[in-house]
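For reference, the structure discussed in these notes is given below.
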Amino acid sequence: MTIKPVTTAVFPVGGQGTRFLPATKAVPKELLPVVDRPLLQYAVDEALAAGIERLVFVTARGKGALDEYFDVAAELVASLKAKNKTAELALLEATQLEPGRIVSIRQQEPAGLGHAVWCARHVVQNEAFAVLLPDELLWNPAAPALAEMHDAYRRLGGNVISVLEVPAEHTHRYGIVTPGAIDGLVTEVKGLVEKPKQGEAPSRLAAIGRYILQPEVMGILAAGKRGAGNEIQLTDAMAELIGVQPFHALTFTGTRFDCGDKAGHITANIALALEREDVGPAVREWLRGQLI
Ligand code: G1P
């Protein structure tokens, strides 16, 4: 059986970003920069590197700046051209997507991640699709997370999610896997539970915001069942696919930054700045002075 490549990715970006107030009063958290690129750009780059053609943003009221960001800034381009600012123009061009590749959908109520994904059902239709949570910056330039998952998906079919071992005291923050057979980085998924209580997690393998899913998950989400936090949880809908379709977890081998968290966002800025030729040396020098 040949497995069709995945070409659609859904980005749930409707969250209010309350952890970053007051900044997020006017700026969507997905546009907060990590060095000089918005957080969302990293997830978009990762999706494009995996061969994704259609990008679906599930937004919400007050997040119009996201549409602005992906639009052509005609006045800015004209003024940069007039000033002969070629480097800046090249930056804009490199992040510009062809017309028609982006679909923007409003999630009309904050009813959970599962609900956000379900809002994209008419675009996804009857094909496997990816979901990327942009808060999770999965940094692995040599082997981007979704591309690795896509390779695994071509071999395994079914559903593939990205996971990482987290400390036992953090399992209550995540969707946690009940592991089955292990083959290198691939673990068979026997069960999934969203935010298990302290001490009740079936393992320390946590879902870290990257999913390749079969479209049948949309039918399950349509039932609108509420789970943890009284929200419609993607994890609960995925759990219903286990045993019906192949379901695997792929362990991520790069560096993960939880940019939904202030410390994680600051760490990502420092780590990625240190890798850069332009700002790296100055940041490194300052850090050295702080740590003596
Ligand atoms: C969501 C998912 C959870 C996953 C996590 C990864 O939770 O529901 O299963 O482990 O993202 O960041 P949230 O962080 O939105 O509460």
Side-chain angles (χ1 to χ4, degrees), residues 9-20 24 28-30 34 39-40 42-43 46 57-60 63 107 109-120 130-139 145-146 149 159-179 187 189 191-198 200-213 217 220-221 224-242 247-252 254-265 267-268:
V10 178
F11 300 78
V13 288
Q16 288 180 317
T18 46
R19 275 192 262 181
F20 286 89
T24 45
K29 69 173 170 179
E30 297 79 9
V34 173
L39 185 50
L40 182 54
Y42 292 87
E46 188 190 321
F57 297 114
V58 182
T59 73
K63 306 206 79 169
Q107 184 184 15
E109 48 169 331
L113 176 59
H115 179 261
V117 170
W118 175 77
C119 288
V131 178
L132 296 95
L133 310 189
D135 274 3
E136 296 276 4
L137 201 171
L138 302 189
W139 187 240
L146 191 66
M149 290 168 66
N159 304 273
V160 178
I161 65 173
S162 181
V163 293
L164 203 56
E165 266 199 5
V166 297
E169 60 274 24
H170 291 174
T171 49
H172 67 285
R173 300 181 189 165
Y174 299 97
I176 302 290
V177 167
T178 305
T187 302
V189 177
L192 276 168
V193 52
E194 180 68 13
K195 302 194 171 67
K197 290 201 189 90
Q198 290 276 18
E200 290 181 11
S203 77
R204 294 198 287 123
L205 274 189
I208 49 167
R210 298 294 184 274
Y211 312 82
I212 292 179
L213 300 173
V217 78
I220 299 169
L221 288 169
K225 257 192 250 164
R226 303 268 168 167
N230 196 32
E231 292 187 341
I232 301 168
Q233 295 291 353
L234 181 61
T235 302
D236 297 344
M238 293 191 300
E240 291 192 35
L241 293 175
I242 298 166
F247 211 120
H248 295 92
L250 181 70
T251 299
F252 176 58
T255 312
R256 165 193 177 236
F257 300 102
D258 176 8
C259 292
D261 172 75
K262 274 182 268 222
H265 185 249
T267 314

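Counting starts at 1 for both ligands and their atoms, in listed order.
- Looking only at distances, a side-chain donor or acceptor of Y42 sits under 3.5 Å from a matching main-chain atom of V34.
- The shortest N/O to N/O separation between G175 and ligand 1 falls below 3.5 Å.
- What sits closest to atom 11 (O) of ligand 1 on the protein, heavy atoms only, is L133 CD1, 3.4 Å.
- For the ligand labelled ligand 1, residue L234 lies outside the 4.0 Å heavy-atom shell.
- Nearest protein heavy-atom contact of atom 4 (C) of ligand 1 is A207 O, 3.5 Å.
- Closest to atom 9 (O) of ligand 1 among all protein heavy atoms lies E194 OE1, 2.7 Å.
- Ligand 1 has no N or O atom lying under 3.5 Å from any N or O atom of R173, backbone or side chain.
- Looking only at side-chain heavy atoms (C-beta outward), I232 and K225 stay at 4.5 Å or farther from each other.
- When each atom of ligand 1 is checked for a heavy atom of Q233 under 4.0 Å away, the hits are 8 (O).
- Of the N and O atoms on the side chains of Q107 and H115, at least one donor lies less than 3.5 Å from an acceptor on the other residue.
- Residue contacts with ligand 1, taken as heavy atom pairs separated by less than 4.0 Å, do not involve D258 at all.
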CA sep, side-chain torsions, deciding dist, call: S203, I176, side-chain contact (heavy atoms from CB on, under 4.5 Å): CA-CA 7 Å; S203 77; I176 302 290; 3.7 Å; yes
Check against salt bridge (charged side-chain N to carboxylate O under 4.0 Å, His left out), R226 and D236: CA-CA 9 Å; R226 303 268 168 167; D236 297 344; over 6 Å; no
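- The closest donor-acceptor contact from the side chain of R210 to the backbone of E136 lies under 3.5 Å.
- Between F11 and F57, the ring-plane angle classifies as tilted under the 30° and 60° cut-offs.
- Protein heavy atom in closest approach to atom 16 (O) of ligand 1: K195 NZ, 2.7 Å.
- Near T235, meaning under 4.0 Å from any of its heavy atoms, are these atoms of ligand 1: 9 (O).
- Within the listing of ligand 1, atoms 6 (C), 12 (O) sit less than 4.0 angstrom from a heavy atom of E136.
- Atom 14 (O) of ligand 1 is never approached by the protein to below 4.0 angstrom, counting heavy atoms only.
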V166 and T171: CA distance, side-chain angles, deciding distance, side-chain contact (heavy atoms from CB on, under 4.5 Å) verdict: CA-CA 7 Å; V166 297; T171 49; 4.0 Å; yes
